[in-house]
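What follows is a short report on a single structure.
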Amino acid sequence: MQKLSKKSRTLIVAGAVIFLLFLYFRSIKIDKGIKKEQAQAVATIAELKAGYRGGITMTYRFFYNNKSYSGTRKVFISSSYIKRFKDKHFIVVFNKLEPSKNRLLLLAKDFEEFDVAYPDSLEWIEVLKRKSL
């Protein structure tokens, strides 16, 4: 197998860092957009996928003004717990003017970020997250 040159490795690492920074700042922008005209609804988990390297990707749906919206959320909880999320309902926050900007609230830190009271009934998710570490 051929080794990469030092220059090639540097370019790959730099590209990965730039890509991760792009994703980070994009998520901050979306979160700020949600907080501007924040509203809440109940979302239903519509689809679950186990991640290749762990975690669970959830596709959820919610209704606002008689129109259906959806989103995805990846949570780093062991995929062995995937069935526990099937057909569950969770709070989603979204921008009233652009409901496509939305975020599913699962963990205590999510609720804190959007100034929404964290329900004790979701403590089981925090337990699963701790078990998954």
Side-chain angles (χ1 to χ4, degrees):
M1 189 172 194
Q2 199 176 40
K3 286 190 175 185
L4 293 174
S5 69
K6 187 173 182 178
K7 185 176 179 180
S8 295
R9 284 185 292 203
T10 303
L11 287 173
I12 290 170
V13 170
V17 168
I18 290 170
F19 179 70
L20 290 173
L21 285 173
F22 168 76
L23 291 177
Y24 174 75
F25 286 114
R26 182 174 171 261
S27 72
I28 288 173
K29 184 179 177 184
I30 289 172
D31 290 350
K32 282 183 181 178
I34 293 170
K35 288 178 185 178
K36 243 183 198 176
E37 294 287 332
Q38 182 173 312
Q40 298 177 21
V42 175
T44 302
I45 302 299
E47 185 179 332
L48 294 161
K49 291 183 183 173
Y52 170 68
R53 294 188 178 239
I56 302 169
T57 300
M58 302 175 190
T59 300
Y60 56 90
R61 292 192 174 79
F62 67 97
F63 288 91
Y64 177 66
N65 287 340
N66 296 321
K67 189 172 177 188
S68 176
Y69 295 92
S70 65
T72 58
R73 169 79 194 265
K74 180 155 184 157
V75 63
F76 293 100
I77 291 176
S78 173
S79 57
S80 64
Y81 300 119
I82 197 166
K83 289 183 181 178
R84 295 198 183 182
F85 292 93
K86 186 172 174 40
D87 299 323
K88 295 278 191 208
H89 303 281
F90 299 102
I91 294 174
V92 63
V93 291
F94 60 94
N95 182 307
K96 287 187 242 182
L97 304 175
E98 292 182 73
S100 60
K101 290 184 178 179
N102 57 70
R103 176 121 172 247
L104 188 68
L105 304 182
L106 295 172
L107 303 169
K109 67 180 179 120
D110 301 332
F111 284 84
E112 185 179 305
E113 185 177 339
F114 289 97
D115 297 323
V116 177
Y118 177 68
D120 292 339
S121 61
L122 295 183
E123 183 60 33
W124 63 273
I125 300 174
E126 294 288 342
V127 171
L128 293 181
K129 184 165 176 65
R130 284 191 295 273
K131 286 181 178 180
S132 298
L133 295 176

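None of the values given here were measured: they were computed from a predicted structure.
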Say you draw a straight line from [atom1] of [X] to [atom2] of [Y]; how long is it, rounded to the nearest 0.5 Å?
| X | Y | atom1 | atom2 | value |
| --- | --- | --- | --- | --- |
| Q40 | K96 | CD | NZ | 10.5 Å |
| H89 | I45 | NE2 | CD1 | 9.5 Å |
| M58 | K49 | CE | NZ | 13.5 Å |
| E113 | L107 | CD | CG | 11.0 Å |
| W124 | K88 | CH2 | NZ | 5.5 Å |
| L104 | I91 | CG | CD1 | 9.5 Å |

Count the heavy atoms belonging to other residues, nucleotides or ligands that lie under 6.0 Å from NZ of K74, then report whether that count exceeds 12. yes

[X] and [Y]: which non-hydrogen atoms are nearest, and at how many Å?
| X | Y | answer |
| --- | --- | --- |
| R61 | S68 | CD-OG, 4.4 Å |
| R103 | F114 | NH1-CE1, 3.5 Å |
| G55 | S79 | O-CB, 3.7 Å |
| N102 | G71 | OD1-CA, 3.9 Å |
| L106 | Y118 | O-CE1, 4.2 Å |
| L105 | F90 | O-CB, 4.0 Å |

Q) Within the side chain of D110, is there an N or O that forms a donor-acceptor pair under 3.5 Å with the backbone of A108? A) no

- Query: Quick one: does S132's side chain have a donor or acceptor within less than 3.5 Å of a partner on S78's backbone?
  - Reply: yes

- Query: Under a 4.5 Å cut-off applied to non-hydrogen side-chain atoms, are D120 and E123 in contact?
  - Reply: no

### Query
Side chains of I77 and R84: closer than 4.5 Å at any heavy-atom pair?
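No, their side chains stay 4.5 Å or more apart.
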
For the residue pair F94 and Y64, is the inter-centroid distance of their aromatic rings smaller than 6.0 Å?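 F94 vs Y64: aromatic centres under 6.0 Å.
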
